[in-house]
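Structure first, then comments.
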Amino acid sequence: MIDKRVQGPSEAVADIHDGATVMIGGFGEAGSPIELIHALIDRGSKGLTVISNNTGSGQVGLAALLKAERVAKVICSFPRTANSTVFPDLYRRGKVELELVPQGTLAERIRAGGAGIPAFYTPAAVGTPLAEGKESRTFDGKEYLLERWLRADFALIKGRSADTHGNVVYHKTARNFGPIMAMAARVAIVQVRSVVQPGAIDPEVVVTPGIFVDRVVEVREPRHESELVAAGATYP
Amino acid sequence: MIDKRVQGPSEAVADIHDGATVMIGGFGEAGSPIELIHALIDRGSKGLTVISNNTGSGQVGLAALLKAERVAKVICSFPRTANSTVFPDLYRRGKVELELVPQGTLAERIRAGGAGIPAFYTPAAVGTPLAEGKESRTFDGKEYLLERWLRADFALIKGRSADTHGNVVYHKTARNFGPIMAMAARVAIVQVRSVVQPGAIDPEVVVTPGIFVDRVVEVREPRHESELVAAGATYP
Amino acid sequence: MSDDAPQIGWSRDEMARRVALDIPSGSYVNLGIGIPELVAKFVPEGRTLIYHTENGLLGMGPSPKPEAADPELINAGKRQVTALPGAAYFHHADSFAMIRGGHLDLCVLGAMQVARSGDLANWSTGEPDAIPAVGGAMDLVAGVKSVYVITQHCTKTGEPKLVDRCTYPLTGRSVVNRVYTELAVIDITSKGFELVELCPGVEFEYVRERTGAPLLRR
Amino acid sequence: MSDDAPQIGWSRDEMARRVALDIPSGSYVNLGIGIPELVAKFVPEGRTLIYHTENGLLGMGPSPKPEAADPELINAGKRQVTALPGAAYFHHADSFAMIRGGHLDLCVLGAMQVARSGDLANWSTGEPDAIPAVGGAMDLVAGVKSVYVITQHCTKTGEPKLVDRCTYPLTGRSVVNRVYTELAVIDITSKGFELVELCPGVEFEYVRERTGAPLLRR
């Protein structure tokens, strides 16, 4: 019997240690695993490296994790958003390091980490300041940059539904980074609205096969970041 | 109105020219687009480079294309199969060139071609005869080989169903190379049992988004290679 | 600047309409955040474009009616959208495979500066206290078959945005194919800026004076 | 050799059963074509293994009943199989991402030769008229966490298959963790071949004589 369910968000993140590298799914609020992030804030882990496309908004979820000063470094493509003040403030005060990565390169580096590809070449960012210090090479007359894989100790991901084997399906554009982060993390933790039995998800429509998923947590009514922000919520 | 349907297999392959590079989906008989291959035989194109995992069996489908001596070069991982005599015979007589590629490297090179990644590093084949003449490089203390992308002029693929926009779903393990070959070919041609209207396939379950597909052909009752071989069929 | 303010040249809507005119039916298109998004409103009757948003949707439709709004169905600008019949969802690596792999026909982007070589600067002023943020712009310009820019011809302080060399940090090198401003449509060719079309009522000299590099007639 | 023939050591079924004993419940496993496939028949009661087949299925089940047979639901050996509840289909690049990315716990493969360094040769005799065919073997040994080999201890002509250095073309370098033969279970360690277990009734000396490199007791 394979059963990857864990009791709740606190149990799911209980071993995320100080200094861990944590991939956090989501593009803006779509796919942001707020309940897992809040459990990670409760857990108190410090000195984290966070890999995520954005840096959250308001003072909940990812922005709250930053505000609590648990994050030493952010690897992301777009650390500004509407209602995003926490990261800019920390960054200007030198409280957090930033590695800025073009969004497609970020996605491909994560996918490469999951696929066992230590490095690859990409045309993005050639000739720009983000190419500084990077190896470049010409193939068929065109210049490309060498990029390394990204891997993580943990990934926090939001799906729509999963079975107990860890097969996951997603909800609309909340899919975004979830499938590739699940591949690239040593421990992939997925919160879903409903956990179902094996066989309840058609094998043809599984997006993330269970082999990439270590823990499944049911969060029946996940909160939306924009609603919390509009309500002026803060965490904790 | 977007409508990628074409009348039948002959029309679908009508512009596959002499010397073209053609990716052909399938792993063994699963996913082998026999009707498209037979149309290509009828078309008479010569000097083809074929990228496919295997080389067919019996004297139908891919094996028949080879037997008709239309293929100058095969790029594949496993050119031997049960009931596979055509390729071995041609190869021993020096009638066809072979580039042998480990299966995962073949898949990743095709995916890289579709994803605009000109080259990547892989651990497969390090220290083996298939590494000869290849650049190697060490990352984090482990050796990897540099591999180039594969792209093609055309891809012939078998799906289960597609809509007129070219969104495709597959059937079980017939999926195999279809989705990545659709990405890596300039013109991707997909035969399916049924063509449906946009909206008939749930956007959550689309495997190959229509942007990767150029032509859709309905072949309502595709033949299975093993049944044809068992019946002693030959083509043409 | 409001669209209603008196001005010389096309309004923002008219610029967007002018871009839309040039996009063939059946094109796969990515529209950048801001003015480029307006293009979708002006696609001529009878043409179908398929919109890609890099956060994982092909077949994006307009904003939802309030009752159909879903905070997890958004575009790259993080605004709520819809999915049209024939749409597909996919993950970020697949989305950028579409971009980097040359599968998109066109992207329309805003700009801070465009150089006569086709260099584009549209992500950072390079000021030391700015929070750097690049998003998908560098991937788009490196991978999409054609890159159109839609922008005001000059900055608010009157500086040309079409320049000999960009002074802002680059988004990509030799990537822009065509620029649409309120004054003109201008191609980037091997010779530099080449006028394609003037806004009715605007003189060539007027545009040339406001362009920071030679402007050629075709 | 038929399983019924009198022989020294374990039968093929017994070898497969011995392998199965060593695989923890919950493991993700890829079984090579041939003898390795037998392992699935002998998984002890109460353990669940999840089988991966590189042609795009996780959660592979046994051969179908005739009425459920589908020529497009096959395993890497191109034999018809089934999909168990909790299965997933995926394309080839994703399948080898699982392999290369280190997500599979174990693969069990056949061998022509295994060297004391863990080098494996199992794809080609290197003979000039052989049709070279490699399939997924090189990817499996390079990516899967543990690689077990199941093989007869010697060739049909009595040559050791456990050798000092492989003479056949390699599949991978320093990749094998453990070898199961009809005579013994042998680990590959930094010191070379180390005996883990003898088949009941087989003497250490008997195995050592038939091994082409030093065989150490633990």
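Remember, predicted model here, so these are calculated numbers, not experimental data. Chain identifiers are assigned alphabetically (A, B, ...) following the order of the sequence lines, protein sequences preceding nucleic acid strands; residue numbering begins at 1 within each chain.
Glu67(C) CD: more than 12 foreign heavy atoms inside a 6.0 Å radius. Heavy-atom contacts from other residues, nucleotides or ligands closer than 6.0 Å to CZ of Arg137(B) number more than 12. Counting heavy atoms of neighbouring residues, nucleotides and ligands inside a 6.0 Å radius, atom NZ of Lys46(B) does not exceed 12 of them. Around atom CZ of Arg220(B), no more than 12 heavy atoms belonging to other residues, nucleotides or ligands sit under 6.0 Å away. Within 6.0 Å of atom CZ in Arg223(B), 12 or fewer heavy atoms from other residues, nucleotides or ligands are found, so the atom counts as exposed in its surroundings.
Interface remark: Met1(B) contributes backbone atoms only to the contact with chain C (heavy atom separation under 4.5 Å). Heavy-atom distances place both the backbone and the side chain of Ala93(C) under 4.5 Å from chain B. Residue Leu57(C): no heavy atom, backbone or side chain, is found under 4.5 Å from chain B.
A distance of 8.5 Å separates OH of Tyr89(C) from CG of Asp202(B), quoted to the nearest 0.5 Å.
Considering all non-hydrogen atoms of both residues, Val206(B) and Ala87(C) come closest at CG2-O, 4.0 Å. The heavy-atom pair separating His103(C) from Gly114(B) by the smallest distance is NE2-O, 2.7 Å. Shown here for Ile50(C) and His165(B), the closest heavy-atom pair between the two residues is CD1-ND1, 4.0 Å.
The greatest number of non-hydrogen atom pairs below 4.5 Å with chain B, out of Gly26(C), Gly46(C), Gly101(C), is found for Gly101(C). The greatest number of non-hydrogen atom pairs below 4.5 Å with chain B, out of Ile99(C), Asp94(C), Leu58(C), Leu84(C), is found for Leu58(C). Per-residue heavy-atom pair counts under 4.5 Å with chain C were compared for Pro209(B), Ala115(B), Ala112(B), and the maximum is reached by Ala115(B).
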